2 protein chains.
Amino acid sequence: MPVELRPLEALTLWHRVTLDLVREDGQDLSHDLSARQLAILLTIYLEPPPHTVRGLAGKLGVTKPVITRALDTMGRLDLVARRRDDADRRNVVIQRTVKGALAVERLGDLIVAQGRVLPR
Amino acid sequence: MPVELRPLEALTLWHRVTLDLVREDGQDLSHDLSARQLAILLTIYLEPPPHTVRGLAGKLGVTKPVITRALDTMGRLDLVARRRDDADRRNVVIQRTVKGALAVERLGDLIVAQGRVLPR
DNA sequence: CCGAAATAATACGGAACCGAAACGATCCGG
DNA sequence: CCGGATCGTTTCGGTTCCGTATTATTTCGG
C-alpha cells in the first residue's frame, strides 16, 4: 500500500518541512545543510553499513572530494565519524554518531508531524 | 484525513527524493540547492503573492542579505525574477518564472513518484 | 519641505565548496 | 619483492555564501 500523495500535497509537505529545517538553524541539523550533505547523511543512517567514500560518491553521482569535504563538515558538526578500515587500510569506514542519529530521528518526526497536519 | 506516515517511511521518502535531486544535478533544480534556497523557492510558488525580500526574510527567520543573495543565485538560474514595486518603489516584488514553475512541478512529481513506490 | 523610517542592495573579511589534478598510503598479483 | 591499481585526501584557482555593517533610494509625518 503506497503513500498516496497528490502533487500539491507533496509540495506543501516538502515546503513546510524545509521551512522548519531552515528556521531551527543552529540546532543540530540543517544550518543550511546542502542537498548533497543531507543525501549523504540519510544514506549513512538508512542504508546498511559499511559506507565508504567511494561508495557514497558512486551512489550520489559526485566526485570523491565532494564526499570528503562533506564528511569534513559533518564530522565537525559531529553528525558522522570516520575510521580507517583495519581489514583494508586504504578504506575509510563512515560511522554513525549519537548526535547524527538524533538529528535524523528528529527530521523523521518533523516530516511525520507535517504530514499529519497536511490539508487534503 | 492526514497523510499517515511512519517515521521510517518518512525518512525513506525524504532520502530517495533527495538522492534524485542530487543526481539530476545540472538540470534545472537542485545543483546542490541549499535548504534555504529551496525554502524560498517553494514559498514563492506555493504561497500567494506578493513576495518581498523583507517578507521572505521574516518567514524564514534569516537576514535580508541572505534573501537577496539567494534571489541573485536563483535569478541567474532563471528560477525567479525581481521587479520593483511601482506602488512603493522601495519594495521589490519577487515573481515566478516559467522555468521555476516547471522545476517546482517536477519536484512535486518526484515526491509523488517516490511516495508511490514506498514500501510500507 | 526635511528629517526619520523603511527597504533592498552592497561592502567586507572570512569560511566553505567546486572540479580537476596531483599526491601519499595501501593492497595485491605475478 | 615490486609495479600497477585502488582508495581517500590534499592542492589549486576560482566561485559562492556567510553575518555584520553600511549605503542608496524611497516614503511619509510633521
Side-chain angles (χ1 to χ4, degrees), chain A residues 18 21-27 29-41 43-44 49-95, chain B residues 18 21-27 29-41 43-44 49-95:
Chain A
T18 306
L21 281 180
V22 169
R23 285 198 272 238
E24 81 181 359
D25 196 306
Q27 311 277 358
L29 248 189
S30 126
H31 167 63
D32 206 18
L33 220 54
S34 74
R36 286 178 176 181
Q37 292 170 329
L38 189 57
I40 294 171
L41 190 69
T43 299
I44 294 170
H51 298 288
T52 64
V53 172
R54 179 160 197 77
L56 290 173
K59 177 169 280 285
L60 272 70
V62 299
T63 61
K64 287 186 294 175
V66 167
I67 304 296
T68 295
R69 280 186 291 253
L71 292 179
D72 287 345
T73 301
M74 294 195 290
R76 235 174 283 128
L77 298 175
D78 203 25
L79 293 175
V80 299
R82 275 185 275 205
R83 203 199 46 183
R84 277 283 161 194
D85 181 0
D86 286 326
D88 183 343
R89 297 189 51 72
R90 289 174 302 180
N91 290 332
V92 162
V93 179
I94 292 116
Q95 298 183 297
Chain B
T18 306
L21 281 181
V22 169
R23 285 197 273 238
E24 80 180 359
D25 197 306
Q27 310 277 0
L29 246 190
S30 126
H31 167 63
D32 205 20
L33 220 55
S34 73
R36 286 178 176 181
Q37 291 168 331
L38 189 57
I40 293 171
L41 189 70
T43 299
I44 293 170
H51 298 288
T52 64
V53 173
R54 179 161 197 76
L56 290 172
K59 175 169 282 284
L60 271 72
V62 299
T63 60
K64 286 186 291 178
V66 167
I67 305 295
T68 294
R69 279 187 294 251
L71 292 180
D72 287 344
T73 301
M74 295 194 289
R76 236 175 283 129
L77 299 175
D78 203 25
L79 294 174
V80 299
R82 276 186 276 204
R83 205 198 44 183
R84 277 285 161 192
D85 181 359
D86 286 327
D88 184 341
R89 299 189 48 75
R90 289 173 302 182
N91 290 331
V92 162
V93 179
I94 293 115
Q95 298 183 298

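Proteins get letters first, then strands, A, B, ... in listed order; numbering begins at 1 in each. Worth saying up front: this structure is predicted, and the values here are computed from it rather than measured.
Here the nucleotide nearest the side chain of Val53(B), chosen from dT9(D), dA8(C), dA20(C), is dA8(C). Picking from dT26(D), dT10(C), dA20(C) the nucleotide with the shortest atom distance to the side chain of Pro65(A) gives dA20(C). Residue Arg90(A) places its side chain closer to dA5(D) than to any other of dT20(D), dT9(D), dA5(D).
Of the two residues near DNA chain C, Ile67(A) and Asp86(A), the one whose nearest nucleotide lies more 5' is Ile67(A).
Counting atom types as modelled, Arg69(A) pairs a side-chain N or O with a base atom of dG19(C) as donor and acceptor under 3.5 Å.
When atom types are taken as modelled, the side chain of Arg84(A) and the backbone of Val93(A) share no donor-acceptor pair closer than 3.5 angstrom. Of the possible donor and acceptor atoms, none in the side chain of Arg82(A) sits under 3.5 Å from a partner among the backbone N and O of Gly75(A). Arg36(B) places no side-chain N or O within donor-acceptor distance of the main-chain N or O of Leu33(A), the cut-off being under 3.5 Å.
Between the P atom of dT16(D) and the CZ atom of Arg36(B) lies a distance of 18 Å, rounded to the nearest Å. Between Leu71(B) atom CG and dC17(D) atom P the separation is 11 Å, expressed in whole Å. Protein atom CG of Asn91(B) is 9 Å distant from nucleotide atom P of dT27(D), rounded to whole Å. Arg89(A) places its CZ atom 14 Å from the C1' atom of dG24(C), with the value rounded to the nearest Å. If you take CD1 of Ile94(A) and P of dG8(D), they are 7 Å apart, rounded to a whole angstrom. In this structure, Arg54(B) atom CZ and dA8(C) atom P are separated by 7 Å, rounded to whole Å. The distance between atom CG of Asp88(B) and atom P of dA6(C), rounded to the nearest whole Å, is 12 Å. In this structure, CG of Asp85(A) is placed 9 Å from P of dG8(D), rounded to the nearest angstrom.
Neither OP1 nor OP2 of dG8(D) sits under 4.0 Å from any side-chain N or O of Thr68(A). Residue Thr73(A) places no side-chain N or O under 4.0 Å from the OP1 or OP2 atom of dA16(C). An OP1 or OP2 oxygen of dT9(D) is reached within less than 4.0 angstrom by a side-chain nitrogen or oxygen of Arg82(A). Between Gln37(A) and dA16(C) there is no side-chain polar atom (N or O) within less than 4.0 angstrom of OP1 or OP2. Between Arg76(B) and the phosphate of dT16(D), there is a side-chain N or O to OP1/OP2 separation shorter than 4.0 Å.
By the 4.5 Å heavy-atom criterion applied to side chains, Arg90(A) and Thr52(A) are not counted as neighbours.
Tested against Arg89(B), the residues Val92(B), Asn91(B), Asp86(B) include a single side-chain contact (heavy atoms from CB on, under 4.5 Å) partner, Asp86(B).
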